[in-house]
Amino acid sequence: MLDIRLIREDKEKINELLKRRNGELSVDEIIEIDTQRRKIQFEADEFRSQRKNISQEIGNLKKQGQNTDHIQEEVRQIGEKIKELEEHEVTLEETQKNLLLMIPNTPDESTPVGSDETSNVEIKRVGEPVKVGFAQKPHWDIAAERNLVDFERGVKISQSRFSLYKGKGATLERAIINFFLDLHINEHGYEEILPPVLVNSAAMTGTGQLPKFAQDMYKCEDDDLYLIPTAEVPVTNIYAEEILNEDDLPYYMCSYTPCFRKEAGSAGKDTRGLIRLHQFNKVELVKLCLPEKSQEEHEKLTLNAERTLELLELPYRRIELCTGDIGFSARKCYDIEVWLPSYDAYKEISSCSNFGDFQARRANIRYKSKATGKNEFVHTLNGSGLAVGRTFAAILENFQQEDGSILIPKVLQKYTGFERI
RNA sequence: GGGAAAGUGGCCGAGUGGCUGAAGGCGGCACCCUGCUAAGGUGUUAUACGGGCAACUGUAUCGAGGGUUCAAAUCCCUCCUUUUCCGCCA
């Protein structure tokens with residue numbers, strides 16, 4: 001959520017930044033509502049003040065045994081006016097809030113400007129895609145042949161785009177999860193969190209999935225509960241509505257969860273294999289930090305995610321998303337892409353974003369600032385560290401051998417208990 | 001799932017219709033005092049949204065939302081949460 005005061009102060013600037021994103025975005029309507037709202041609030045406050053004073057006076061008069069009927073009638077009429085104004089006030093407040101919740105974050109000044117992914121900027125490339133002397137198979141063929149994933153039966157017991165890991169496939173998936181967690185916890189200083197995977201609408205609103213992206217999520221119809229699309233949602237919201245100690249910041253949190261996405265509108269894309277499923281595993285990194293530190297923390301978080309690929313010896317690159325491609329809540333975002341031979345391309349495996357105070361304002365996560373003595377919003381960040389299913393696919397494809405077997409990356413072997421599949 | 005009790009400021013805790021944004025205590029902060037590793041004294045100490053160049057000022061907030069009333073922390077209704085008894089269960 002953007003700061004209404006900033007919008008009021010410099011509407012042109014905000015509009016200009018929003019225009020860098022795709023679509024027609026403007027805060028003009030919000031400004032109008034806000035102006036009306038303040039006018040009504042002022043009027044209502046005046047009347048409430050009157051009522052308060054006169055009511056007190058009635059109390060005093062009654063104690064003296066005086067008749068107060070005509071004054072009571074007067075206040076009753078003021079009360080009716082207040083009720084009327086309050087209804088208007090509430091409507092305007094809700095309208096303004098709803099509009100604000102639908103406005104995406106303003107991109108950071110450093111975010112490259114562009115309308116779609118063609119304007120994304122490659123930042124770096126690490127590792128060389130291996131050139132092998134045999135025909136490489138896509139991971140879905142490898143996984144099926146080696147009985148690691150049962151795509152058909154996953155669909156049978158659920159729906160299309162759900163899959164079922166088996167045997168060494170399941171072990172490998174679990175090994176990857178544990179490797180990621182141990183690395184981030186023991187070497188990068190994150191605290192492990194194992195959160196609920198069903199969360200309420202307040203949490204979903206806090207991180208920005210609601211109200212705009214309701215159609216992308218699985219909802220439990222009988223309850224105010226949604227399956228999380230990412231651990232970002234429960235973990236970022238842990239400290240919602242709280243005031244944190246400045247000394248306790250930054251918070252580094254790391255969380256494995258399954259993730260659930262309807263991915264409405266993605267039909268036809270990545271239809272085979274493990275790349276785009278309705279349920280997948282992910283280890284997520286989340287940080288809450290001081291505003292002045294968020295840029296630095298963003299770089300560090302991205303390096304933490306990249307380190308997983310370096311240790312797994314998987315070739316990757318980092319790109320910076322342009323203004324037309326960054327997510328709704330983000331002001332700056334790096335994607336990490338892993339080399340996938342079946343795609344003959346790099347494929348997104350992590351997305352590391354700095355949200356500034358956008359989510360903190362929605363979720364009301366603040367800290368007591370020593371400098372100002374006031375409560376200020378923290379900055380929030382997160383990034384995948386990493387998507388597990390895509391890592392699984394990348395390992396199968398990049399580590400396949402000519403005889404059809406798959407070598408397990410060295411760092412994973414102590415987690416799998418085997419060196420080859 | 002059923003019954004009972006409870007939800008007040010950073011914490012503890014008073015407060016059953018008006019003078020309560022809220023006593024008192026703890027904690028925090030500031031200053032004062034005292035020659036002794038600490039104690040004492042005084043003051044101060046919530047948040048949000050408005051108005052004002054500013055000093056300052058208005059309103060709201062006692063779990064949430066409604067209602068009654070001239071007036072609600074206080075009365076009524078609904079919901080949520082916590083504790084507890086029963087049931088069920090991993």
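Every chain is numbered from 1 and lettered A, B, ... according to where its sequence line falls, protein lines coming before strand lines.
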Look at all strands and tell whether [X] reaches a base, only sugar-phosphate, or nothing, counting heavy atoms closer than 4.0 Å.
| X | result |
| --- | --- |
| Asp69(A) | nothing |
| Arg8(A) | sugar-phosphate |
| Ile71(A) | nothing |

Check against side chain to side chain donor-acceptor pair (under 3.5 Å), Asn245(A) and Tyr367(A): CA-CA 6 Å; Asn245(A) 288 324; Tyr367(A) 70 99; over 6 Å; no
Specify whether Tyr190(A) and Tyr252(A) have parallel, tilted or perpendicular ring planes, treating 30° as the upper limit for parallel and 60° as the lower limit for perpendicular.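 Answer is tilted, since the angle falls between 30° and 60°.
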Take the angle between the ring planes of Phe392(A) and Tyr165(A) and call it parallel below 30°, perpendicular above 60°, tilted in between. perpendicular
Can you check the [X] [atom1] to [N] [atom2] distance for me, whole Å?
| X | N | atom1 | atom2 | answer |
| --- | --- | --- | --- | --- |
| Ile82(A) | G58(B) | CD1 | C1' | 13 Å |
| Lys52(A) | U57(B) | NZ | C1' | 12 Å |
| Arg38(A) | A60(B) | CZ | P | 20 Å |
| Glu73(A) | C70(B) | CD | P | 9 Å |
| Leu92(A) | G50(B) | CG | P | 13 Å |
| Glu93(A) | A48(B) | CD | P | 15 Å |
| Glu89(A) | G51(B) | CD | C1' | 14 Å |
| Ile40(A) | G51(B) | CD1 | P | 13 Å |

If we take the [atom1] atom in both [N] and [M], what is their distance in whole Å?
| N | M | atom1 | answer |
| --- | --- | --- | --- |
| A46(B) | G10(B) | P | 10 Å |
| G27(B) | G18(B) | C1' | 33 Å |
| A72(B) | C80(B) | P | 26 Å |
| C70(B) | U78(B) | P | 24 Å |
| A73(B) | C86(B) | C1' | 34 Å |
| A71(B) | G87(B) | C1' | 46 Å |
| U74(B) | G9(B) | P | 15 Å |
| C12(B) | G28(B) | C1' | 15 Å |

For a quick check under 3.5 Å, do Tyr256(A) and Asn178(A) share a side-chain donor-acceptor pair by atom type? no
Closest to side chain of [X], choosing from [options]:
| X | options | result |
| --- | --- | --- |
| Ser49(A) | U59(B), U68(B), C49(B) | U59(B) |
| Arg51(A) | G18(B), A71(B), U68(B) | A71(B) |
| Ser55(A) | G58(B), C70(B), G50(B) | C70(B) |
| Gln41(A) | G67(B), C49(B), U47(B) | C49(B) |
| Lys368(A) | U47(B), C70(B), G50(B) | U47(B) |
| Arg37(A) | G50(B), C70(B), U59(B) | G50(B) |

Watson-Crick or G-U wobble partner of G35(B), both distances under 3.5 Å: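 Here G35(B) is not engaged in any pair, so there is no nucleotide opposite it.
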State the pairing partner of A4(B); accept Watson-Crick or G-U wobble contacts with both distances under 3.5 Å, and report none otherwise.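 For A4(B), the partner nucleotide comes out as U83(B), under the 3.5 Å rule.
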May I ask you to decide if Gly114(A)'s main-chain N or O and Arg20(A)'s side chain share a donor-acceptor pair within less than 3.5 Å? no
Check the phosphate of G58(B) against Arg48(A), side-chain N and O only, distance under 4.0 Å to OP1 or OP2. Yes or no? no
Check whether any side-chain nitrogen or oxygen of Arg5(A) sits under 4.0 Å from OP1 or OP2 of C49(B), and answer yes or no. yes
Hey, mind stepping through Ser405(A) and Gln401(A) against side chain to side chain donor-acceptor pair (under 3.5 Å) and telling me if it holds? CA-CA 5 Å; Ser405(A) 67; Gln401(A) 306 300 304; 5.8 Å; no
Can you tell which of Met102(A), Gln209(A), Lys212(A) makes a side chain to side chain contact (heavy atoms under 4.5 Å, CB included) with Phe328(A)?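 Among Met102(A), Gln209(A), Lys212(A), the one meeting side chain to side chain contact (heavy atoms under 4.5 Å, CB included) with Phe328(A) is Lys212(A).
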